[in-house]
Amino acid sequence: MTIEFNAAVFRVPNEPMTIERVTLPSTPPPGDVLVKLSASGLCHSDLHVLVGEWDAPTPMILGHEGAGVIEAVGEGVTNVEVGDHVILSWTPSCGRCRYCVSGRPVLCDMAAEHSANHLSFDGKTRVRTAGGDEVFSFAGLGTFGEYTMVPSAAAIGVRKDAPAEQSALVGCAVTTGVGAVVNTANARPTDVVLVIGCGGVGLNAVQGARLVGARTIIAADISDDKLEQARKFGAHETINTRTEDLAARIAELTEGRGVDVAVEAIGLPQTIEAAYSVLARGGTTVVAGQVADGVTVTIDPFVMSDQERRLIGSNYGSSRAEVDFPVLVDHYMNGRVDLDSLVTDVIALEQINEGYEGMKRGEGIRSVIRYR
């Protein structure tokens, strides 16, 4: 038997997604769970696919930032049960490969082989069109639909009293931004932290710096509105790089020393290079922004070795979803992390294309789909 439901289906770059009826099996195969989505955030990573900057198989249900409720579990599933509230992880951990057992589940072999190619752990798709054609699910999740079927490791149980719209954002932007500072950079209270780009990920990097008690938090962007938001999320200083010279302002704010941690949260070569150029000796630049296919950067390797600067990547905030998702939800419920201000628009699934047009115009922080 199958479940029929509505989903936004991507078929051609730079064309609107279409709301279509699609199907899933009503009984999950062993190791999988069926999730009824409650909410899904609109993330810039999906926009990379929509505008053709990232290649992706079609047809596809995009979306990877979602929260919902377990409707059914497959044989052998023990980590969640029917009725549990869950946040979905786009790097589910197999728990057996060398990355998982060494504490780096975001680099899991199974996730890299299957989820990254928009497939389930058995290498297959689960969704079908009304005509029976297979439909890919972005990052193995496909949260722009009313239901999804995922490996049980992708469904992380969280407390039931947390609101779905805010919980959904923990599934990507919050974990990516906070984790880039807390986990990847391992920032300390003595550090000066710079965040370049004050969108969903960048604002959460600011929150991560605030969580660790960073000495000074500096936010940079080209929008005064976003910089004002950054101050609300914890930035002590702001730099509008459209009108101010980043290097000069950093030198002024740090007495010429530079920053200890710089988080690039946009995904542009010029901002990655800029983040690296303003490091203090021994400093670390974390690339959390997602770039278009084929983008490269230029770094002076002598400066890297002579000053022991580090340029490192951060996938999903170097998170351990089973640990970090519930902790971040608790931080929100206990008033230590602001998720309410991140949700600037709540929309229906049918408004998804308008939501992405607003993102292209730089409007708001996060639009979130609320499912009926």
Seminar exercise, completed: Scanning both residues in full, the closest heavy-atom pair of T184 with G317 reads OG1-C, 3.7 Å
For this session: Examine the side chains of T2 and T23 and answer whether a donor and an acceptor come within less than 3.5 Å of each other.
Result: no
For this session: Test side-chain contact (heavy atoms from CB on, under 4.5 Å) on R309 and R281 and set out the steps.
Result: CA-CA 6 Å; R309 296 187 186 184; R281 292 190 298 276; over 6 Å; no
Exercise. How far apart are the closest heavy atoms of L349 and A8, and which atoms are they?
Worked result: CD1-CB, 4.0 Å
Seminar exercise, completed: OG1 (T58) and CZ (F10) are apart, to the nearest 0.5 Å, by 6.5 Å
For this session: Verify the neighbour count for atom CD of Q270: are there more than 12 heavy atoms of other residues, nucleotides or ligands below 6.0 Å?
Result: yes
Problem set entry | Test side chain to side chain contact (heavy atoms under 4.5 Å, CB included) applied to N117 - qualifying residues, sequence neighbours left out | L119
Seminar exercise, completed: Residues passing the salt bridge (Lys or Arg N to Asp or Glu O under 4.0 Å) test with E252, sequence neighbours excluded, are R249
Seminar exercise, completed: Here the gap from L203 atom CG to K226 atom NZ, rounded to the nearest 0.5 Å, amounts to 8.0 Å
Problem set entry | Hphob cluster co-occupancy, L62 + I19, side-chain heavy atoms under 4.5 angstrom | yes
Using a 3.5 Å cut-off and no angle test, enumerate the donor-acceptor pairs between side-chain atoms of residues 286-297 and protein atoms at least two apart in sequence or in another chain.
residue : atom : partner : partner atom : Å
D293    : OD2  : D55     : N            : 3.4

For this session: Please assess Y332 against L342 for the test side-chain contact (heavy atoms from CB on, under 4.5 Å), listing each intermediate value before the final yes or no.
Result: CA-CA 12 Å; Y332 162 66; L342 294 172; over 6 Å; no
For this session: Verify, without hydrogens or angle tests, whether T284 (side chain) and A185 (backbone) share a donor-acceptor contact under 3.5 angstrom.
Result: no
Exercise. Are V9 and V51 grouped together when hydrophobic residues (ILVMFWY) are joined by side-chain heavy atoms under 4.5 angstrom apart?
Worked result: yes
For this session: Working to the nearest 0.5 Å, report the span between CE of M60 and CG of D46.
Result: 9.5 Å
Seminar exercise, completed: Applied to residues 260-274, the salt bridge (Lys or Arg N to Asp or Glu O under 4.0 Å) test, sequence neighbours excluded, yields R257-D260
Exercise. If two hydrophobic side chains count as joined below 4.5 Å and joins carry through other members, does L169 share a cluster with I87?
Worked result: yes
Exercise. Salt bridge (Lys or Arg N to Asp or Glu O under 4.0 Å) with E357: which residues, sequence neighbours excluded?
Worked result: K360
For this session: Decide yes or no on salt bridge (charged side-chain N to carboxylate O under 4.0 Å, His left out) for E4 and R21, but give the supporting numbers first.
Result: CA-CA 6 Å; E4 186 175 339; R21 298 294 283 177; 3.2 Å; yes
Exercise. Near R96 CZ, under 6.0 Å, is it more than 12 heavy atoms from other residues, nucleotides or ligands?
Worked result: no
Problem set entry | Co-membership, hydrophobic cluster, residues Y371 and V346, 4.5 Å side-chain | yes
For this session: Among residues two or more places apart or on two chains, list those pairs meeting side-chain hydrogen bond (donor to acceptor under 3.5 Å, both in side chains) that have a residue in residues 198-211.
Result: N204-Q207, Q207-R210
Acceptor/donor pairs from residues 97-115 side chains to any protein atom, 3.5 angstrom cut, sequence neighbours excluded:
residue : atom : partner : partner atom : Å
S102    : OG   : R98     : O            : 2.7
S102    : OG   : Y99     : O            : 3.1
H114    : NE2  : F121    : O            : 3.3

For this session: Starting at CD of E363, measure out to CD of E354 and round the result to the nearest 0.5 Å.
Result: 11.5 Å
Exercise. OG1/T216 to CG/L253 distance, rounded to the nearest 0.5 angstrom?
Worked result: 8.0 Å
Acceptor/donor pairs from residues 234-242 side chains to any protein atom, 3.5 angstrom cut, sequence neighbours excluded:
residue : atom : partner : partner atom : Å
H236    : ND1  : I217    : N            : 2.8
N240    : OD1  : R242    : N            : 2.8
N240    : ND2  : D224    : OD1          : 2.8

Exercise. If every non-hydrogen atom of A219 is compared with every non-hydrogen atom of L227, which pair is closest and at what distance?
Worked result: O-CD2, 3.6 Å
Exercise. Which residue pairs satisfy the salt bridge (Lys or Arg N to Asp or Glu O under 4.0 Å) criterion with at least one member in residues 167-180, sequence neighbours excluded?
Worked result: none
Exercise. Can you list the steps and then say if F5 with V22 is a side-chain contact (heavy atoms from CB on, under 4.5 Å)?
Worked result: CA-CA 6 Å; F5 60 97; V22 296; 3.5 Å; yes
Problem set entry | For the student: nearest non-hydrogen atoms of C43 and M359, plus distance | C-CE, 3.8 Å
Problem set entry | All salt bridge (Lys or Arg N to Asp or Glu O under 4.0 Å) counterparts of E165, not counting sequence neighbours | R370
Problem set entry | Sole residue of I369, T143, V368 in side-chain contact (heavy atoms from CB on, under 4.5 Å) with L42 | I369
Exercise. Taking it one step at a time, do V127 and T125 satisfy side-chain contact (heavy atoms from CB on, under 4.5 Å)?
Worked result: CA-CA 6 Å; V127 183; T125 59; over 6 Å; no
Seminar exercise, completed: Here the pair of heavy atoms bringing A155 nearest to I70 is CB-CD1, 4.1 Å
Problem set entry | Side-chain touch M149/P25, heavy atoms, less than 4.5 angstrom | yes
For this session: Any chance you could measure Y316, atom OH, to S89, atom OG, to the nearest 0.5 Å?
Result: 4.0 Å
For this session: Check salt bridge (Lys or Arg N to Asp or Glu O under 4.0 Å) between R126 and all other residues, then give those that pass, not counting sequence neighbours.
Result: D32, D122
Seminar exercise, completed: For I222, the hydrophobic cluster (side chain heavy atoms closer than 4.5 Å, chained through members) also holds none
For this session: For I266 and G197, work out which heavy atoms get closest and say how close.
Result: CG1-CA, 3.5 Å
Exercise. So do the side chains of L339 and V170 get within less than 4.5 Å of each other, counting heavy atoms only?
Worked result: yes
